[in-house]
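Each remark here refers to the structure printed beneath this line.
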There are 4 protein chains.
Amino acid sequence: MAGSVNKVILVGNLGKDPEIRRTQDGRPIANLSIATSETWRDKNSGERKEKTEWHRVVIFSEPLCKIVEQYLKKGAKVYIEGALQTRKYTDQSGVEKYSTEIVLQGFNSTLTMLDGRSGGGGGGNFGDEPGGDFGSSGPVSSAPRRPVAAGGSGRNSDMDDDIPF
Amino acid sequence: MAGSVNKVILVGNLGKDPEIRRTQDGRPIANLSIATSETWRDKNSGERKEKTEWHRVVIFSEPLCKIVEQYLKKGAKVYIEGALQTRKYTDQSGVEKYSTEIVLQGFNSTLTMLDGRSGGGGGGNFGDEPGGDFGSSGPVSSAPRRPVAAGGSGRNSDMDDDIPF
Amino acid sequence: MAGSVNKVILVGNLGKDPEIRRTQDGRPIANLSIATSETWRDKNSGERKEKTEWHRVVIFSEPLCKIVEQYLKKGAKVYIEGALQTRKYTDQSGVEKYSTEIVLQGFNSTLTMLDGRSGGGGGGNFGDEPGGDFGSSGPVSSAPRRPVAAGGSGRNSDMDDDIPF
Amino acid sequence: MAGSVNKVILVGNLGKDPEIRRTQDGRPIANLSIATSETWRDKNSGERKEKTEWHRVVIFSEPLCKIVEQYLKKGAKVYIEGALQTRKYTDQSGVEKYSTEIVLQGFNSTLTMLDGRSGGGGGGNFGDEPGGDFGSSGPVSSAPRRPVAAGGSGRNSDMDDDIPF
DNA sequence: TTTT
DNA sequence: TTTT
């Protein structure tokens, strides 16, 4: 179908340390369990309520897996952008089940640390993307997006000046 | 948790007509089945591939349900903004299963038709939100967002002029 | 136009303390200056580069203004969801200029603190929205989105169980 | 800054045909003028109101420029994902001005056609991304995101079955 | 299993 | 003007 979008944006905390596995040909896959929660005040009782939602995140991007491995721990707060994917599987007792996951793979996937705990995901030489077999992926924040060198409209452009407001 | 975000954005097509039920106290709940798909060219074979993902959408917003009822049919293209929610249930054979749904309820939920088929979902008197028990919800597009009457900065403001580029 | 979306999502830091003004009829308007930045490694020189973008944010939502007033300070990290708006104004020397701002107003606007600094924006009795003249607005995180009481599909639903993965 | 996000999502219509220029070294740059609009009913007068917002979009991605060139015309409806950027320039009369644009460049930029007019933006050999000097970019929809071949968790996986709800 |  |  031309014209479809499948995007999930989460800001939440890791409920436990990341799990990192490798495929047979050596590519990393990271699994995160991320909590988001919402709080509200009950209209009738006036009580404060909270509801936590747990999200299964699967990362098929080599540079993002590196960041996960190096920087993320239980409790870390992250911004994540990925896509929904529902997988069918058969459990131990032979029952067919479905699991919906947020997949970070290729373009338009991002993982950004929101804790001060690390140096910014640095190190990864994104933009060079060493020919890994995974689609390249939005690195921590947006490293490989080169800044616009020339203005978008052919008019004079003094990029380095800051905007005064 | 302060500081969490749980957001899903989909652009896709209804795989079938919406299903609308009512709670015992008369509130509507709409279920949509939305397809998104991605296409890519296989690196090795060069073949064109396509993969479709199906999303279960549940709408707990009265005005959005009205729009669904009035305007949406199988095949319709929509923009949807909601939140992920995983529900546990026991199927007919007594097996516990989970279902992950995109919930449209309250703030920061939106449904916008992207077909030319309707007049814009109008009609709903959003902004008045007749005290329904559901959280009010982002209407078709953004009806109740009143335009900014005065500029954000106290400077002269000629809002009605259009911007010429 | 039926079917349009105008959405901005920022995660960044306040460059200075918020500015809060009031309209003649007493409604608050908050202005934030938010920095986002991206870093990348220059392909040729190998140098680390950084580019900061400054965003002008205008908040026309009474509950969000309260949160801004109570909790946000220079340096605070926030998640913001709003809409783009370009305003025309005439500067001191009579020159017509345009200013593009991210407006938080009404539905589908959110401000969430991402620092541990505060108690979560709590306190605000969102969902009751005391008849203010501003469109109600997504509170800190998503307070007023009441959790789904009944499952979306009429099957058994045990909402309070947690999902084990 | 580690941990920042700068994202704009628009669904709107081209106000005029795209303008495509080339840099001195031959790389394409496309400019789009996109309208979004919101409608609401005036609380007092009950009148239907509409406000249109115009967005300047600049595309620095070679494959996206190709799609723009081949498929987009005045009136086309598109989904766009990019980043905000404010540029300073000096106009003809020597006055310094600022222009805020939505830049599509590199990762986490997308352009998806929402009209039925084309076959899906296909053609572009995304995923191979012929070493152009621009950051690669999210193609029409999400072409280069290879589907997940193996499940995210090592359990049985029957990817090709569709999910029946 | 997180976080406030 | 922030942050790393």
Side-chain angles (χ1 to χ4, degrees), chain A residues 10-19 31-40 48-57 67 71-80 112-123 139-143 161-165, chain B residues 1-6 86, chain C residues 10-19 31-40 48-57 67 71-80 112-123 139-143 161-165, chain D residues 1-6 86:
Chain A
L10 300 179
V11 174
N13 297 276
L14 301 217
K16 51 182 182 182
D17 287 342
E19 291 163 11
N31 283 267
L32 307 180
S33 182
I34 293 185
T36 57
S37 88
E38 45 177 329
T39 55
W40 72 100
R48 183 145 195 190
K49 303 263 193 174
E50 177 166 19
K51 180 161 171 294
T52 295
E53 192 69 34
W54 287 97
H55 308 272
R56 181 171 182 81
V57 174
I67 289 156
Y71 299 109
L72 295 188
K73 296 208 182 72
K74 177 176 173 174
K77 176 162 286 194
V78 290
Y79 172 95
I80 269 189
T112 303
M113 291 172 290
L114 298 176
D115 293 302
R117 308 180 188 197
S118 99
V140 163
S141 199
S142 45
D161 296 22
D162 43 354
I163 284 89
F165 55 73
Chain B
M1 181 194 325
S4 80
V5 173
N6 173 1
T86 298
Chain C
L10 299 179
V11 174
N13 298 277
L14 301 218
K16 51 182 180 181
D17 287 341
E19 292 163 11
N31 282 269
L32 307 180
S33 183
I34 293 186
T36 57
S37 86
E38 45 177 330
T39 54
W40 72 100
R48 183 140 193 195
K49 303 263 193 174
E50 177 166 18
K51 180 162 171 292
T52 295
E53 193 69 35
W54 287 97
H55 308 272
R56 180 173 183 80
V57 174
I67 289 158
Y71 298 109
L72 296 188
K73 296 209 181 71
K74 177 177 174 174
K77 176 162 287 195
V78 290
Y79 172 94
I80 270 188
T112 302
M113 291 172 290
L114 298 177
D115 292 303
R117 306 182 189 195
S118 98
V140 162
S141 199
S142 45
D161 297 22
D162 42 355
I163 284 90
F165 57 74
Chain D
M1 182 195 324
S4 80
V5 173
N6 173 2
T86 299

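The shown structure was predicted, so the numbers you read here are calculated from the model rather than taken from an experiment.
The OH-C1' distance, from A/Tyr71 to F/dT4, rounds to 11 Å in whole Å. Straight-line distance from the CG atom of A/Leu114 to the P atom of E/dT2: 19 Å, rounded to whole Å. The nearest whole Å value for the distance from the CD1 atom in A/Ile34 to the P atom in E/dT4 is 16 Å. Rounded to whole Å, the distance from CE on C/Met113 to C1' on E/dT3 is 13 Å. If you measure from atom CD of A/Glu38 to atom C1' of E/dT3, you get 14 Å, rounded to the nearest angstrom. Between the C1' atom of F/dT4 and the CZ atom of C/Arg48 lies a distance of 8 Å, rounded to the nearest Å. A straight line from CZ of C/Arg56 to P of F/dT2 spans 17 Å, rounded to a whole angstrom. Rounded to an integer number of Å, the gap from CG of A/Asn13 to P of E/dT2 is 10 Å.
Listed candidates were F/dT2, F/dT1, E/dT2. Nearest to the side chain of C/Ala35 is F/dT2. In this structure, of E/dT3, E/dT1, F/dT2, it is E/dT3 that holds the atom nearest to the side chain of A/Glu50. Closest to the C/Trp54 side chain, of the nucleotides F/dT1, E/dT1, F/dT3, is F/dT1. Nearest to the side chain of A/Lys74, among E/dT3, E/dT1, F/dT2, sits E/dT1.
In this model, a side-chain donor or acceptor of A/Thr52 finds a partner on the base of E/dT2 within 3.5 Å. Residue B/Ser4 places no side-chain atom within donor-acceptor reach of the base of E/dT3, judged by atom type and a 3.5 Å distance cut-off alone.
Taking the charged nitrogens against the carboxylate oxygens, A/Glu53 and A/Lys51 do have a contact shorter than 4.0 Å, which makes a salt bridge.
For the pair D/Asn6 (side chain) and C/Leu10 (backbone), a donor-acceptor distance under 3.5 Å is absent.
Inter-residue side-chain proximity for A/Ile34 and A/Ile80 is flagged as met; some heavy-atom pair is nearer than 4.5 Å.
Between A/Leu114 atom CG and C/Lys77 atom NZ the span is 5.5 Å, to the nearest 0.5 Å.
In this structure, a donor-acceptor pair under 3.5 Å is absent between the side chains of A/His55 and A/Ser33.
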